[in-house]
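Okay, so here's the structure we're looking at.
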Amino acid sequence: MASRLRKGDTVQVISGKDKGKTGTLLRVLEDEGKVVVEGINVVKRHTKPSPRAEKGGIVTKELPIFASKVALLDPKTNKPTRVRFEVKEGKKVRVATKSGETVAYPKAGK
């Protein structure tokens, strides 16, 4: 199944404690139906010193949230939108439902 969200996409949270915040997708966990968004669902973990982590202390990290709680930002209006797929010039592209604008895939280097 083709995922509507890709690593590097800019998304907005549409429900939950971080509603309204935007961020970049860091990882897409397709098997679990979850995504990790930069700066969203941040928690603090207390860690002990270990051979792998030399220093102990409080570490902040982003945890996954359900993919249904985020929406891709429309490149034209910069508002959250749904995405559909269309075939244009022999290529399958993502199209923003509200504006009809083609949503480019993020660069592979991110």
Side-chain angles (χ1 to χ4, degrees):
M1 180 181 143
S3 177
R4 297 180 193 285
L5 299 173
R6 293 267 182 99
K7 178 181 175 181
D9 280 337
T10 304
V11 295
Q12 183 172 353
V13 180
I14 56 175
S15 70
K17 69 175 186 174
D18 292 319
K19 181 178 178 176
K21 292 183 181 179
T22 59
T24 305
L25 283 184
L26 300 176
R27 286 192 300 157
V28 178
L29 308 169
E30 213 166 305
D31 296 340
E32 301 172 32
K34 294 184 177 187
V35 293
V36 178
V37 185
E38 184 179 19
I40 306 296
N41 199 22
V42 177
V43 295
K44 292 186 178 187
R45 292 283 181 243
H46 297 261
T47 59
K48 282 185 171 180
S50 67
R52 202 180 338 163
E54 295 291 324
K55 278 187 163 183
I58 302 171
V59 178
T60 60
K61 66 183 209 175
E62 294 98 358
L63 293 184
I65 61 173
F66 285 104
S68 61
K69 290 182 171 254
V70 298
L72 191 64
L73 287 182
D74 191 325
K76 189 175 184 181
T77 62
N78 209 29
K79 291 184 178 179
T81 184
R82 291 182 178 147
V83 178
R84 68 176 185 266
F85 290 102
E86 288 182 4
V87 177
K88 292 185 179 179
E89 301 165 8
K91 288 193 172 192
K92 187 176 177 183
V93 294
R94 298 186 296 176
V95 177
T97 306
K98 291 184 179 178
S99 69
E101 192 79 16
T102 301
V103 182
Y105 287 107
K107 301 284 185 236
K110 285 189 178 181

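Worth knowing before you read on, the calculation uses all heavy atoms, side chains too, and leaves out hydrogens, waters and symmetry mates.
Every residue two or more places apart in sequence or in another chain that forms a side chain to side chain contact (heavy atoms under 4.5 Å, CB included) with Glu86 is listed here: Arg84, Lys88, Val95. Every residue two or more places apart in sequence or in another chain that forms a side chain to side chain contact (heavy atoms under 4.5 Å, CB included) with Ala67 is listed here: Leu5, Val35. For Arg27, the side chain to side chain donor-acceptor pair (under 3.5 Å) criterion is met by no residue, not counting sequence neighbours. In this structure, Ser15 has no side chain to side chain donor-acceptor pair (under 3.5 Å) partners at least two apart in sequence or on a different chain.
Looking at heavy atoms from C-beta onward, Leu25 lies in side-chain contact with Val11 at the 4.5 angstrom threshold.
Note on Leu72 and Leu26: separate hydrophobic clusters, where clusters join Ile, Leu, Val, Met, Phe, Trp and Tyr whose side-chain heavy atoms are under 4.5 Å apart, directly or indirectly. Val70 is connected to Val83 through a chain of hydrophobic side-chain contacts under 4.5 Å among Ile, Leu, Val, Met, Phe, Trp and Tyr, so both are in one cluster.
What you find for Ala71 and Thr81 is that their closest heavy atoms are CB-O, 4.1 Å. In terms of heavy atoms, Lys98 sits closest to Pro80 at NZ-O, 3.6 Å. Annotation for Ala104 and Arg94: closest pair O-NH2, 3.1 Å, computed over non-hydrogen atoms.
Remark: Tyr105 OH is packed, more than 12 non-hydrogen atoms of other residues, nucleotides or ligands lying under 6.0 Å away.
Contacts classified as salt bridge (Lys or Arg N to Asp or Glu O under 4.0 Å) and involving residues 61-75 (residues at least two apart or in different chains) are not found.
Interatomic distance, Phe85 CZ to Arg4 CZ, rounded to the nearest 0.5 Å: 5.0 Å. Rounded to the nearest 0.5 Å, atoms CG (Asn78) and CD (Gln12) are 8.5 Å apart.
The main-chain N or O of Arg82 is found under 3.5 Å from a side-chain atom of Thr97 such that the two form a donor-acceptor pair.
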Subject >> salt bridge (charged side-chain N to carboxylate O under 4.0 Å, His left out) between Arg6 and Asp9, worked out >> reply: CA-CA 6 Å; Arg6 293 267 182 99; Asp9 280 337; over 6 Å; no

Only pairs under 3.5 Å count here: list side-chain donor-acceptor contacts from residues 37-52, not counting sequence neighbours, and write none if there are none.
| residue | atom | partner | partner atom | Å |
| --- | --- | --- | --- | --- |
| Asn41 | ND2 | Leu63 | O | 3.3 |
| Asn41 | ND2 | Pro64 | O | 3.3 |
| Thr47 | OG1 | Gly57 | O | 3.1 |
| Ser50 | OG | Ala53 | N | 3.2 |

